[in-house]
2 protein chains.
Amino acid sequence: MSNLGIGQLAKRAGVAIDTVRYYERNNLLSPSTRLASGYRRYGDAELKRLRFIRRAKALGFTLEDIRGLLSLSNERSVAKVKQAAEAKLADVEHRIEELERIRDGLRTLVKACPGHGRAEACPILNSLNAEDVP
Amino acid sequence: MSNLGIGQLAKRAGVAIDTVRYYERNNLLSPSTRLASGYRRYGDAELKRLRFIRRAKALGFTLEDIRGLLSLSNERSVAKVKQAAEAKLADVEHRIEELERIRDGLRTLVKACPGHGRAEACPILNSLNAEDVP
DNA sequence: CTTGACTCTAGACCATGGTCCAGACTTTAG
DNA sequence: CTAAAGTCTGGACCATGGTCTAGAGTCAAG
């Protein structure tokens, strides 16, 4: 079992030292112990936990979401964890659909635009000025 | 052509009054005129523009992105407009790809999770706890 | 033991995207 | 005309997720 200082921990997890302390202030991660000097010491559990946080963040969870996930893992409430992941999945899928609509719109405009001539002939400009639905 | 006060405009676009003024401070939207009293007056063009901003924001564009999108319509060079639209298209495509990776990760985890039992059996928690390289 | 690297705390600062407030003035309905 | 509702400005304040600094103390190698 490794016994890491904050710098080593941060390096191994791929985050900044300040971020580790920031997470501590925000109740996401505490050192397993402190030296008499006050230096933080971390073990494998904390390294895992920090990597958990980093990954969950990469998956689009906010720090608050992650606090929730971490506390669920203590409660051993697998159903709730799955629910949270499903909700986040639905959210991500929704955002993809919206972006795909935008992408298709942009593609159509780019294809239709001659790239020269008068502004009134540019479908991109005309589209931005179009009438929208409330 | 409607001639709206800031409250009416905000209401019709579905945003708060303060948000309208905030957008003005940040060069996203100006009133078409002001009354002698200083009261802002908006026309249809501003209402459209504000709705455009709202929708673009809902799609995950930052206000700076939106400033860029909106400035396309001021651009007199059709070639530049087309270029900017192409850049934004590439940007959108990139964002879609990132979200798709996130989506696939979440899907895999959700499928693999039984939704009950001990935490140690939950692949969502286990995956986030996995020991991979930073 | 000394020196350089590391860590401590508290608090300031950053960007983003708002949101709210006070105190004064304007507009509008009755 | 009066009162209520709306708007004005400037500045303070909020949450999120950090990032940086100062000044002091600690640890580890030579």
Legend entry - B:R40 vs D:dT7: side-chain N/O to OP1/OP2 distance below 4.0 Å: no

Legend entry - Check: A:D91 side chain, A:K88 main-chain N or O, donor-acceptor pair, under 3.5 Å: no

Legend entry - Donor-acceptor contact present, side-chain A:Q8 to main-chain A:G5, <3.5 Å: no

Inset, instruction - Output yes when a side-chain donor or acceptor of A:T33 lies under 3.5 Å from a complementary backbone atom of A:Y42, and no otherwise. - result: no

Inset, instruction - Ignoring hydrogens and angles, tell me if any N or O in the side chain of B:R51 forms a donor-acceptor pair with the backbone of B:R12 under 3.5 Å. - result: yes

Legend entry - Pairs meeting criterion salt bridge (charged side-chain N to carboxylate O under 4.0 Å, His left out) with involvement of residues 100-111 of chain B, two or more places apart: A:E93-B:R107

Inset, instruction - Look only at the side chain of B:R54 and the backbone of B:R49, and say whether a donor-acceptor pair between them is shorter than 3.5 Å. - result: no

Legend entry - Whole-Å gap separating C1' (D:dA5) and CD (B:Q8): 12 Å

Inset, instruction - Respond yes when some side-chain nitrogen or oxygen of A:R21 is under 4.0 Å from OP1 or OP2 of C:dT9, and no when none is. - result: no

Strictly under 3.5 Å: I want the nitrogen or oxygen pairs between protein and nucleotides 14-18 of chain C, one per line.
from: C:dG17; atom 1: OP2; to: B:L63; atom 2: N; distance (Å): 3.4
from: C:dG17; atom 1: N7; to: B:Y22; atom 2: OH; distance (Å): 3.3
from: C:dG18; atom 1: OP2; to: B:Y23; atom 2: OH; distance (Å): 3.0

Legend entry - Flag, side chain of B:N26 to backbone of B:Y22, donor-acceptor distance under 3.5 Å: yes

Please list each protein N or O that sits under 3.5 Å from an N or O in nucleotides 27-30 of chain C, with the distance.
from: C:dT27; atom 1: OP1; to: B:S37; atom 2: OG; distance (Å): 3.2

Inset, instruction - Quickly work out the A:I17 CD1 to C:dC8 C1' distance and round it to whole Å. - result: 11 Å

Inset, instruction - Measure from CZ on A:R54 to C1' on D:dG18 and round the result to the nearest Å. - result: 16 Å

Legend entry - Between D:dG18 (C1') and A:N27 (CG): distance, integer Å: 16 Å

Legend entry - Interatomic spacing from CG in A:L89 to OG1 in B:T108 - rounded to 0.5 Å: 9.5 Å

Legend entry - Distance in angstrom units between B:D18 CG and D:dC8 C1', rounded: 12 Å

Inset, instruction - Rounded to the nearest angstrom, tell me the gap between atom CG in A:N3 and atom P in D:dA28. - result: 11 Å

Inset, instruction - Determine whether A:Y39 and A:Y23 fall in the same hydrophobic cluster, where Ile, Leu, Val, Met, Phe, Trp and Tyr are linked whenever their side-chain heavy atoms lie under 4.5 Å apart. - result: no

